[in-house]
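Whatever order the structure lists ligands and atoms in, that order sets their numbers, starting from 1.
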Amino acid sequence: MDTIKTYNKRKKEEEEEEEETAMEVGFLGLGIMGKAMATNLLRKGFKLTVWNRTLSKCDELVEIGATVGATPAAVVKKCKYTIAMLSDPSAALSVVFDTDGVLEQVVSGKGYIDMSTVDVDTSSKISEAITSRGGHFLEAPVSGSKKPAEDGQLVILAAGEKALYEEAIPFFDVLGKKSFFLGQVGNGAKMKLVVNMIMGSMMNAFSEGLVLADRSGLDSKTLLDVLDLGAIANPMFKLKGPTMIQNNYSPAFPLKHQQKDMRLALAQGDAIAVSMPVAAAANEAFKKARSMGLGDLDFSAVYETVKHLQHSS
Ligand SMILES: NC(=O)C1=CN([C@@H]2O[C@H](COP(=O)(O)OP(=O)(O)OC[C@H]3O[C@@H](n4cnc5c(N)ncnc54)[C@H](OP(=O)(O)O)[C@@H]3O)[C@@H](O)[C@H]2O)C=CC1
Ligand SMILES: O=CCCC(=O)O
């Protein structure tokens, strides 16, 4: 009799645990993007368990209803789906493979969605590890910066397991204005790097144009007005131009991450012999900016490097 009672009690506990697991969403990485994205998920009613390497950054999320997981493994144990938004390949790998990492608690049925900007190799390593333990994997890097993240207006570039993509649509509907499913793992990473390679090159051309206009005795504000009315008008020039001419580089997209993306995009081209001299020059400017201590500022601070090059020539 006692055995039956114990069995029933254990079964009930398991069912409750299963129900809880199904409702909870995990979120790893509460930097500029992760904090905004996790906030939106919470505000839209998802039950969130968060983790950040610097644990104090969880406090603001706890104030609006999140629970904290002590480690990435603890978050995955509790949640059916876990989303990650981490700085770079080394962070993405460390959170999965290190002690107390994601992999320790991946079992059949768990879904892991990495939204960090990384390269194909990183994403593939993570995908293989997760799926070999019976888990499901989706890479889903995003286009759009701090404000679109706050406004739930990101563009999501997903690839990997189609079934997990379908299950993740309720999250993506909160986080973004549009999501693309791009096929096999790696295609999301590749697409994201192509987009950011173009963006980084454009930012350099824009910076050079601002310097050339200034040195030619033209008014920078008037240049912005002219650009905004012509064929090369775009949201980035419109958003960043006014702050750049005030030398204001409050970080929305940290320059060190843009340089990481240029580096990874150049490696992507290198592997398939695509020549990208414009991107290579832009990467040099971002590297120079990092060496000048500008890595934590917004990527538009590369303008300072372009200005600096004029002084030293
Ligand atoms: N900002 C933007 O406009 C956009 C950024 N992205 C991409 O999104 C990702 C996140 O960007 P963003 O939020 O701006 O970056 P932040 O630098 O603001 O945040 C980075 C996050 O990664 C964590 N992290 C760094 N290293 C490690 C590590 N070794 N182990 C565990 N966690 C680590 C940080 O933790 P801690 O707080 O402890 O440092 C933090 O949570 C990047 O891949 C970026 O390229 C994509 C689109 C736009
Ligand atoms: O990866 C960062 C992208 C920033 C943006 O799309 O504005």
Side-chain angles (χ1 to χ4, degrees), residues 26-40 50-61 68-73 75 82-102 113-119 122-123 126 139-151 153-158 175-178 188-189 191-203 206 234-241 243 249-265 286 290 295-302:
F27 205 105
L28 311 176
L30 302 172
I32 293 172
M33 297 296 284
K35 179 183 157 190
M37 293 159 75
T39 300
N40 281 339
V50 298
W51 172 86
N52 193 69
R53 179 181 60 174
T54 309
L55 273 176
S56 59
K57 287 195 192 166
C58 298
D59 294 351
E60 276 186 62
L61 276 294
V68 179
T71 61
V75 173
T82 299
I83 298 171
M85 192 55 166
L86 301 157
S87 52
D88 53 21
S90 117
L93 291 167
S94 150
V95 163
V96 171
F97 291 100
D98 285 1
T99 306
D100 293 329
V102 166
I113 304 163
D114 193 347
M115 304 188 76
S116 324
T117 305
V118 297
D119 56 326
T122 302
S123 209
I126 294 173
E139 61 182 11
V142 299
S143 219
S145 194
K146 184 178 177 195
K147 179 80 168 59
E150 288 168 350
D151 296 345
Q153 292 291 303
L154 296 168
V155 177
I156 294 158
L157 307 171
L175 300 174
K177 61 180 173 187
K178 169 91 183 158
M191 181 68 85
K192 173 62 187 164
L193 292 175
V194 169
V195 171
N196 272 27
M197 182 274 281
I198 296 171
M199 192 176 75
S201 299
M202 277 173 66
M203 179 51 83
F206 186 41
N234 69 75
M236 183 178 85
F237 291 178
K238 199 174 172 70
L239 181 72
K240 302 289 181 185
T243 49
Y249 308 110
S250 169
F253 180 36
L255 187 143
K256 62 186 175 192
H257 296 333
Q258 171 69 83
Q259 197 270 313
K260 171 255 303 178
D261 295 347
M262 296 306 289
R263 172 171 57 80
L264 297 178
F286 286 118
R290 280 184 58 196
D296 290 325
L297 298 182
D298 191 69
F299 78 117
S300 52
V302 75

Would you mind listing which atoms of ligand 1 come within a distance below 4.0 Å of any non-hydrogen atom of [X]?
X: P254; answer: 1 (N), 14 (O)
X: H257; answer: 11 (O), 14 (O), 15 (O), 16 (P), 17 (O), 45 (O)
X: G29; answer: 41 (O)
X: A252; answer: 1 (N), 2 (C), 3 (O)
X: L30; answer: 41 (O)
X: V95; answer: 31 (C)
X: N52; answer: 35 (O), 36 (P), 37 (O), 38 (O), 40 (C), 41 (O)

For [atom], grab the closest protein heavy atom and report residue, atom and distance to one decimal in Å.
atom: atom 46 (C) of ligand 1; value: T117 OG1, 3.7 Å
atom: atom 36 (P) of ligand 1; value: T54 OG1, 3.5 Å
atom: atom 37 (O) of ligand 1; value: K57 NZ, 2.6 Å
atom: atom 24 (N) of ligand 1; value: S87 OG, 3.9 Å
atom: atom 3 (C) of ligand 2; value: K192 NZ, 3.4 Å
atom: atom 7 (O) of ligand 2; value: S145 CB, 3.6 Å
atom: atom 30 (N) of ligand 1; value: R53 CD, 3.8 Å

Q: Provide the number and element of each atom of ligand 2 under 4.0 Å from a heavy atom of F253.
A: 1 (O), 2 (C)

Q) D119 and T122: side-chain donor and acceptor closer than 3.5 Å? A) yes

What are the two closest heavy atoms between [X] and [Y], and how far apart are they?
X: A73; Y: G101; value: CB-O, 3.3 Å
X: F286; Y: L255; value: O-CD2, 3.6 Å
X: H257; Y: S87; value: CE1-CB, 3.5 Å
X: A149; Y: M37; value: CB-CG, 4.4 Å
X: D114; Y: I126; value: OD2-CD1, 3.8 Å
X: S116; Y: L86; value: OG-N, 2.8 Å

Does [X] use its side chain to pair, donor to acceptor, with the backbone of [Y] at less than 3.5 Å?
X: E139; Y: G188; answer: yes
X: D88; Y: A91; answer: yes
X: N40; Y: L175; answer: no

Q. If you measure from each non-hydrogen atom of M115 to ligand 1, which part falls under 4.0 Å: side chain, backbone, both or neither?
A. neither

Q) Going by heavy atoms, is K260 under 4.0 Å from ligand 1? A) yes

Q.
Any heavy atom of G144 closer to ligand 1 than 4.0 angstrom?
A. yes

**Q.** Test applied, side chain to side chain contact (heavy atoms under 4.5 Å, CB included); reference residue, V68; option that passes from L55, V75, L61
**A.** L55

Q) Judging by distance only, is a nitrogen or oxygen of N196 under 3.5 angstrom from one on ligand 2? A) yes

Q. Does any N/O atom on G144 come nearer than 3.5 Å to any N/O atom on ligand 2?
A. yes

Q) Is M199 near ligand 2, meaning one of its heavy atoms is under 4.0 Å from it? A) yes

